[in-house]
Undergrad: 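Take this structure first; my questions come after.
Just so it is clear: chains get the letters A, B, ... in the order the sequence lines come, proteins before strands, and each one is counted from 1.
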Amino acid sequence: MLSIQFIRDHTDRVKSDLSRRNTTAPIDRILDLDDTRRRLLQDVEALRARRNAVSKEIGAAGKDAVARQAKIDEMRGVGDRIDVLDVDLKATESDLNRLLLEVPNIIDPSVPDGPDESANIVVETVGDLPKFDFVPKPHWELGPDLGALDFERGVKMSGSRFFVMRAGLARLHRALIQFFLNENIKAGFQEHYLPYMLTEASLFASGQLPKFRDNLYKDHEEDYFLIPTAEVAFVNLYRDEILPPGMLPLRYVAHTPCFRREKMAAGRDVRGIKRVHQFEKVEMFVYCEPDQSEREFQRLVTQARALIEMLGLTYRVLALCSGDIGFNSAKTVDLEVWSPGAGEWLEVSSGSNCLDFQAHRANIRYRPALDAGPRFPHLLNMSGLALPRMVVAIMENYQREDGTIAVPEVLRPYMGTDVIGHA
RNA sequence: GGAGAGGUGCUGGAGUGGUUGAACAGGCACGCCUGGAAAGCGUGUAGGGGUGCAAGCCUCUCGUGGGUUCAAAUCCCACCCUCUCCGCCA
């Protein structure tokens with residue numbers, strides 16, 4: 001979140017970024033509550049200071065019972081007055097906090113203006129659209145034709161937006177995960193195995209809650225949410241900690257499943273496995289000092305692009321506009337690969353620089369030097385890359401006229417074959 | 001899930017309801033000493049919030065949240081977590 005301090009000091013900036021986002025937040029109300037809070041706080045603390053002072057005198061009075069009793073009588077009412085003011089103060093703080101949690105991040109000045117995704121800017125397109133001697137099929141035809149993608153049975157056991165992969169496709173899926181992990185490790189990202197279920201407090205810390213509850217799966221018996229992305233776990237890794245000097249930057253990677261309700265997206269992308277409730281993703285995550293975050297961001301983008309390029313796919317780089325940027329993010333780049341069967345660009349990676357927004361929510365700090373006070377680090381994330389969309393991309397790009405699928409060169413060691421045939 | 005024990009500062013570990021934000025020890029930082037180091041000696045060593053140009057002052061925090069009291073690390077209640085034993089189990 002944005003600190004109340006920041007909102008107080010940069011009110012105009014915060015408001016103009018909100019309008020760039022094409023959204024609103026009760027900034028004036030927040031400033032108002034903050035005034036009230038500080039006024040109450042000063043009153044309460046003055047009373048507390050007095051009570052503390054007199055209490056010490058009572059303790060020091062020793063055997064002088066008369067003086068002692070006089071002071072006790074004097075203080076008797078003070079405690080009650082403190083309690084009364086404190087109730088007000090607590091209520092004000094809780095109102096303030098609730099509103100603060102709903103204010104989105106500021107927007108980086110480099111982000112293009114625009115109301116929604118239609119205004120995103122294609123920064124760069126790499127590679128040419130592939131040409132086929134035949135009419136390329138979409139993956140929702142290729143997969144079932146190979147007997148390797150089964151929608152009906154997925155739906156039978158779990159409902160819509162679930163599917164089963166088998167044989168060559170299942171193996172391709174697993175090979176991609178291994179490939180991504182290995183390449184990211186080579187690039188200096190440390191592998192992690194993370195919990196897939198997190199507490200409500202953790203989802204608040206990462207910014208999923210309170211606003212995006214509708215997109216999360218929750219256990220009804222206990223306080224557990226299924227992660228919608230590994231980012232959520234990575235943010236919470238150092239929640240409520242102060243990292244010692246010399247630890248940053250931290251460059252992490254993990255493969256996790258992701259669970260999304262996608263209620264908002266009902267009716268969208270119903271065909272195929274582009275938008276599903278359960279998918280795998282390899283996620284990169286960085287903790288760094290503020291003056292390094294732009295450099296780290298570029299590093300993430302470069303790494304994710306390298307993965308796509310190694311697989312020989314055509315892709316484009318999108319700079320998300322101010323109206324399409326996520327709640328936590330100050331700046332986001334998406335990578336989309338061309339999907340010749342479906343005839344569309346497919347988002348396989350999204351990278352965000354969240355600045356210190358999540359660090360504030362999660363109360364993560366670092367110490368720049370042994371004798372320095374704690375500061376908030378910047379947190380960044382980027383997919384590297386998302387499944388099963390990359391399976392889709394490879395299927396559609398590497399399909400052959402007979403319906404089989406060639407295995408990209410770099411994946412052959414992982415697959416032990418150069419073609420995915422009929423299961 | 002059952003029974004028991006316990007949660008205090010960077011760490012270990014004290015703490016009788018009243019100058020305890022917290023003894024003592026260790027660690028770490030700085031200084032002295034030394035050719036250099038060790039040892040030794042000295043000093044310092046939490047975070048949040050409020051206020052102030054600043055120095056500073058005030059306040060909160062001893063797992064979390066309530067309660068009792070003029071006053072709570074200390075007493076009471078609830079919850080969370082950790083450890084040991086038992087049960088169950090991939």
Undergrad: So which nucleotide from B:C70, B:C28, B:G49 ends up closest to the side chain of A:L370?
TA: B:C28
Undergrad: Can you check the A:R367 CZ to B:C28 P distance for me, whole Å?
TA: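 My rounded result for the distance is 17 Å.
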Undergrad: Could you check whether A:R50 gets within reach of a base, just the sugar-phosphate, or nothing at all, counting any heavy atom under 4.0 Å?
TA: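 Since no nucleic acid heavy atom lies under 4.0 Å of A:R50, the category is nothing.
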Undergrad: Tell me what A:R81 touches on the nucleic acid: a base, only sugar-phosphate, or nothing, going by heavy atoms under 4.0 Å.
TA: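 Since no nucleic acid heavy atom lies under 4.0 Å of A:R81, the category is nothing.
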Undergrad: Checking all strands, does A:D371 fall into the base, sugar-phosphate, or nothing category for heavy-atom contacts under 4.0 angstrom?
TA: nothing
Undergrad: A:R37 near the nucleic acid: base, sugar-phosphate alone, or nothing, with a heavy-atom cut-off under 4.0 Å?
TA: sugar-phosphate
Undergrad: Using side-chain contact (heavy atoms from CB on, under 4.5 Å) as the criterion, point out the one residue from A:D356, A:L100, A:L101 that pairs with A:R361.
TA: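 Of A:D356, A:L100, A:L101, side-chain contact (heavy atoms from CB on, under 4.5 Å) with A:R361 is met by A:L101 alone.
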Undergrad: Expressed as a whole number of angstroms, how long is the span from A:E93:CD to B:C60:P?
TA: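 A:E93 atom CD is separated from B:C60 atom P by 13 Å.
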Undergrad: Which part of the nucleic acid, if any, lies within contact of A:P374, taking any heavy atom under 4.0 Å across all strands shown: a base, the sugar-phosphate backbone alone, or nothing?
TA: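 The answer is sugar-phosphate, as A:P374 gets under 4.0 Å only of primed atoms, P, OP1 or OP2.
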Undergrad: Of the options B:C70, B:G50, B:U19, whose atoms approach the side-chain atoms of A:K56 most closely?
TA: B:U19
Undergrad: Would a line drawn from the ring center of A:H192 to the ring center of A:F234 be shorter than 6.0 Å?
TA: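 Yes, close enough.
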Undergrad: With distance as the sole criterion, is a donor-acceptor pair present between the side chains of A:Y217 and A:R261 under 3.5 Å?
TA: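 The answer is no; no qualifying pair exists.
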Undergrad: For A:H255 and A:Y193, test the side chains for any donor-to-acceptor distance below 3.5 angstrom and give the result as yes or no.
TA: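 Result is no, nothing qualifies.
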Undergrad: Rounded to the nearest angstrom, tell me the gap between atom CG in A:D35 and atom C1' in B:G50.
TA: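 Result: 13 Å.
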Undergrad: Rounding to an integer number of Å, can you tell me how far A:Q42 CD sits from B:U51 P?
TA: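 Nearest whole value for this atom pair: 5 Å.
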Undergrad: In this structure, how many angstroms lie between the P atom of B:C70 and the CD atom of A:Q69, rounded?
TA: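 Distance, rounded to whole Å: 10 Å.
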Undergrad: To the nearest Å, how far apart are A:D73 CG and B:U69 C1'?
TA: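 Taking atom C1' of B:U69 as the reference, CG of A:D73 is at 14 Å.
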Undergrad: For B:U59 and A:N52 - does any side-chain N or O of the residue sit under 4.0 Å from the phosphate oxygens OP1/OP2?
TA: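 So the side-chain polar atoms of A:N52 do come within 4.0 Å of the phosphate oxygens OP1 or OP2 of B:U59, strictly under.
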Undergrad: Can you see which heavy atom on A:L380 is nearest to which on A:S293, and at what distance?
TA: CD2-O, 3.4 Å
Undergrad: Starting at NZ of A:K90 and ending at C1' of B:G67, how long is that distance when rounded to a whole Å?
TA: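 Roughly 13 Å, once rounded to whole Å.
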